[in-house]
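A short write-up of the structure that comes next.
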Amino acid sequence: MDMDKLVSLCKRRGFLFQSSEIYGGLNGFWDYGPLGVELKRNVKEAWWRDMVSGHDELTVSGGAPSTFDMVGLDCTIIMHPQVWKCSGHFDLFCDFMVDCTESKKRYRHDQVRGRWVTYREQKVFVTTMAEADKEQGELEAKALKFFNIRAKDADKLAWDGDSVSLATINDTKQVLAPDAKTLGTLTDPREFNLMFKTIVGALGTAEDAAFLRPETAQGIFVNFKNVVDSSRVAVPFGIAQIGKSFRNEITPRNFTFRSREFEQMEIEFFCKPASSPQWYKYWRDRRYQWYLDLGLPRERLQLRDHHADELSHYSCGTADIEYAFPFLPAGEFGELEGVAHRGDFDLRSHSEGKLTKDAEGKLIVELGPDGKPKHRGSGKDLSYFDAEAKERYVPHVIEPSAGADRATLAFLCEAYTEDKVPDENGNPRERTLLKLNPRIAPIKAAVFPLVKKDGMPEAAQKIYRALKKQFNVFYDEGGAVGRRYARQDEVGTPYCITVDGETLQNGSVTIRDRDSLKQWRIKADDAVAEVTKLLNPAGS
RNA sequence: GCGGGUGUAGCUCAAUGGUAGAGCGGCUGCCUUCCAAGCAGCAUGCGAGGGUUCGAUUCCCUUCACCCGCUCCA
């Protein structure tokens, strides 16, 4: 599929526009047009319905270890700055980077490592990005090349001290950058703010700095106690939230895939530590199935477990649900949702202070240079008393975190179809259509009078008004009926109802299926019942 | 952030140092009894800023955005 064609259709038909387009646009920001907002709302509402409001806490659903509760939450985008310090975002999202003017490469300042070495009175700091086990070999090879000496004379190099991070070096003039041949090609370290900074208070000073949330999850963790105390939920239970998040992506690209302002659909599921692996598996499989049910095919959707070395420092297991977006190279997949087993990292961090892993892999409070906690927690007890088991523990957390915009984009990509249908003379003609699942289609049905006379518009309008009470439907009486069908196909409307001459005789109308072009007759009075039936097939 | 490319109507494209045209789409009317038909008419544009010039959509600079590659991807 040609991505440009989809982007063009999205703009032409009002699904997606570039933000601030009349001013030249803004990199990484996108607006949803009249049809796009319907589509995205339908995606979010399907998620909320399927995960939260439609959840049956009385029945053990397929694959779940037990029954469980689900509730929702809607938190603010701006929270106490300490939230981001304890969550780990503050440390991770405020990186210092250095650029190499020779190789044009960019490095995380603290990740560049090197050693001082002297040869014939010249002392330089040789650096590399190599892994620890290959580091010394790399450094020696680079030093030999720089001083232009043979490998057999390697013992003439005088090494001084162990390998250290570039962050400990003040004099960049004597630094040989990892991919450079000459000295002093690195810029001074510059701060990269991956979180959006803002000011709280009209007289904003530096102390009033706050951040727009980079994820909705933390609002759930900091409200854990409020929800437990107020809503009669018992572990195991989940708290769900849909909302905007903000990240300064370094390279926003690929349409809405990597936007700087985006919407998340997140669940934090709290469970007993011992049963958390089962819950992890449950959520991972259930979330994968959700995308299949809404129309992404198994061939283009994969559930990929992270390797151990890919896991975040707090995670005991993470799987990504990934879709083969057409803008990616063949065989590559892009993340739609991450399902992470986060252990008790978040609740404990917000209670005790930001945690880190010690040498044995145990979570301990991270200390600053002064020996005190680097980021102080709230000091509030976020443990849970399990009345059934008569024990107190900090629940473990499973986090299915989905991108609403990415899901919407994936459904659009998958729906985009070109086929050939017979024209009025029976010759094949190119057609563009969106084969959207009717559940998420922006318009559920269109109603047409076959021609604009003989009372057909009046009859069609009556059907339109009846349908409109329950569904987003569209009325169109202009031009040839074939053109009106084509327009609806292009925006993914699953059904078209047409009033014709027979309607006036016997009260029947035709109803047409978008994908198959099949038409059948129903009673005009049954239009609402028929569309309701089609949109709610048995078993769902 | 770097390198390369691109930027003209809603979309796809053309032409030009003397302020732009087509196809498709859109709108109005006529016609039209089932898949973008026909006829008549209408509307809409040189991404932004600056410079050179009598005059810039065209040449130059800057900027913004998009695409490709690198980097980044918490």
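Both backbone and side-chain heavy atoms feed into the values below; hydrogens, waters and symmetry mates do not. Order of the sequence lines fixes the chain letters, A, B, ..., with proteins taken first and strands second; residue numbering starts at 1 for each chain.
Counting to the nearest Å, the C1' atom of B/rU71 and the CG atom of A/N248 are 17 Å from each other. Rounded to whole Å, the distance from CZ on A/F255 to C1' on B/rC67 is 14 Å. Here the P atom of nucleotide B/rG23 and the CD atom of A/E430 are 21 Å apart, to the nearest Å. Nucleotide B/rG25 holds its C1' atom 16 Å from the CG atom of A/D489, rounded to whole Å. Atom C1' of nucleotide B/rG26 and atom CG of A/D476 are separated by 12 Å, given to the nearest angstrom.
Taking atom P in both B/rA9 and B/rC46, one finds a spacing of 8 Å when rounded to whole Å. The same atom, P, is picked in B/rG26 and in B/rA36; the two are 12 Å apart, to the nearest Å. Remark: the separation of the C1' atoms in B/rU71 and B/rU12 is 33 Å, to the nearest Å. Remark: the separation of the C1' atoms in B/rG3 and B/rG10 is 33 Å, to the nearest Å. Going from the P atom of B/rG55 to that of B/rC64 covers 28 Å, rounded to whole Å. A distance of about 35 Å separates the P atoms of B/rA43 and B/rC60, rounded to the whole Å. B/rU8 and B/rU19 have their C1' atoms separated by 13 Å, given to the nearest Å.
Distances were taken from every side-chain heavy atom of A/R247 (C-beta onward) to each of B/rU33, B/rA65, B/rA74; the shortest belongs to B/rA74. Minimum atom distance to the side chain of A/M456 is reached by B/rU33, of the listed B/rC34, B/rU33, B/rC70. The side chain of A/L194 lies closest to B/rA74, out of B/rA65, B/rC34, B/rA74. Which of B/rA36, B/rG29, B/rA74 sits closest to the side chain of A/E490 comes down to B/rA36. Among the nucleotides B/rA74, B/rA37, B/rC27, the one closest to the side chain of A/E249 is B/rA74. Looking at the side chain of A/R429, the nearest of the listed nucleotides B/rA36, B/rC68, B/rC34 is B/rA36.
Scanning all heavy atoms of the two residues, the minimum distance from A/S163 to A/E135 falls at OG-OE2, 2.5 Å.
For A/Y323, the ring-ring contact (aromatic ring centres under 6.0 Å, His included) criterion is met by A/F325, not counting sequence neighbours. Residues satisfying the side-chain hydrogen bond (donor to acceptor under 3.5 Å, both in side chains) criterion with A/K5, sequence neighbours excluded, are A/E418. The ring-ring contact (aromatic ring centres under 6.0 Å, His included) search around A/W84 returns A/H89, not counting sequence neighbours. Every residue meeting the side-chain hydrogen bond (donor to acceptor under 3.5 Å, both in side chains) condition with A/E477, not counting sequence neighbours, appears here in chain and number order: A/Y475. Among residues two or more places apart in sequence or in another chain, the side-chain hydrogen bond (donor to acceptor under 3.5 Å, both in side chains) test is passed with A/K85 by none. Remark: A/D515 pairs with no residue by the side-chain hydrogen bond (donor to acceptor under 3.5 Å, both in side chains) rule, at least two apart or across chains.
A donor and an acceptor atom sit less than 3.5 Å apart, one in the side chain of A/R258 and one in the base of B/rC73.
Comparing A/G28 and A/T432, the nucleotide of RNA chain B nearest to each residue sits closer to the 5' end for A/T432. Of the two residues near RNA chain B, A/K452 and A/R484, the one whose nearest nucleotide lies more 5' is A/K452.
Between A/F224 and A/F270, the ring planes are tilted. Angles from 30° to 60° get that label.
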Counting only pairs under 3.5 Å, give me each side-chain donor-acceptor contact of residues 497-509 of chain A, with atom names and distances, residues two or more places apart or in other chains.
residue, atom, partner, partner atom, Å
A/T498, OG1, A/Y485, OH, 2.7
A/D500, OD1, A/E502, N, 3.2
A/D500, OD1, A/T503, N, 3.3
A/D500, OD1, A/T503, OG1, 3.2
A/D500, OD1, A/R521, NH2, 2.9
A/D500, OD2, A/R521, NH1, 3.0
A/D500, OD2, A/R521, NH2, 3.4
A/E502, OE1, A/N506, ND2, 3.4
A/E502, OE1, A/R521, NE, 3.2
A/T503, OG1, A/D500, N, 2.9
A/T503, OG1, A/D500, O, 3.1
A/T503, OG1, A/S508, O, 2.7
A/N506, OD1, A/S508, N, 2.9
A/N506, OD1, A/S508, OG, 2.8
A/S508, OG, A/R521, NE, 2.8
A/S508, OG, A/R521, NH2, 3.1

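Although no hydrogens or angles enter the test, the distance criterion places no donor-acceptor pair under 3.5 Å between the side chain of A/K435 and the main chain of A/E414.
Exactly one of A/E335, A/E322, A/E332 qualifies for a salt bridge (charged side-chain N to carboxylate O under 4.0 Å, His left out) with A/R304. That residue is A/E322. Test A/L35, A/L409, A/L412 against A/C10 for side chain to side chain contact (heavy atoms under 4.5 Å, CB included) and you get one pass: A/L412.
Annotation: salt bridge (Lys or Arg N to Asp or Glu O under 4.0 Å) contacts involving residues 10-30 of chain A, sequence neighbours excluded, comprise A/K11-A/E21, A/R12-A/E490, A/R13-A/E490.
The residue A/P422 sits close only to the backbone: its heavy atoms come under 4.0 Å of sugar-phosphate atoms, none of a base. Looking at heavy-atom distances under 4.0 Å, A/D423 makes contact with sugar-phosphate atoms alone, never a base. Using a 4.0 Å heavy-atom criterion, one finds that A/N425 contacts no nucleic acid atom at all.
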Identify each atom pair where a protein N or O and an N or O of nucleotides 10-13 of chain B are less than 3.5 Å apart, giving names and distance.
residue, atom, partner, partner atom, Å
B/rC11, OP1, A/K11, NZ, 2.9
B/rC11, O3', A/S8, OG, 3.3
B/rC11, O2', A/S8, OG, 3.4

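For the pair A/E430 and A/K420, the minimum side-chain heavy-atom distance is below 4.5 Å. Residues A/T408 and A/T256 have side chains not in contact (no heavy-atom distance under 4.5 Å, counting atoms from C-beta outward).
Residues from residues 413-421 of chain A lying near RNA chain B, meaning a heavy-atom separation below 4.0 Å, are absent. Sorted by residue number, the members of residues 509-518 of chain A with any non-hydrogen atom under 4.0 Å from RNA chain B read A/T510, A/R512, A/L517.
Note on A/R483: a side-chain N or O is less than 4.0 Å away from OP1 or OP2 of B/rA37. Checking the phosphate oxygens (OP1, OP2) of B/rC64, no side-chain nitrogen or oxygen of A/N27 falls inside 4.0 Å. For B/rC66, the OP1/OP2 oxygens have a side-chain nitrogen or oxygen of A/Q18 closer than 4.0 Å.
Consecutive pairing runs in RNA chain B reach the stem threshold at B:1-7 with B:64-70, B:10-13 with B:21-24, B:26-30 with B:38-42, B:47-51 with B:59-63, where a stem means at least three Watson-Crick or G-U wobble pairs with distances under 3.5 Å.
Checked for salt-bridge contact, A/R512 and A/D489 meet the test: a charged N lies under 4.0 Å from a carboxylate O.
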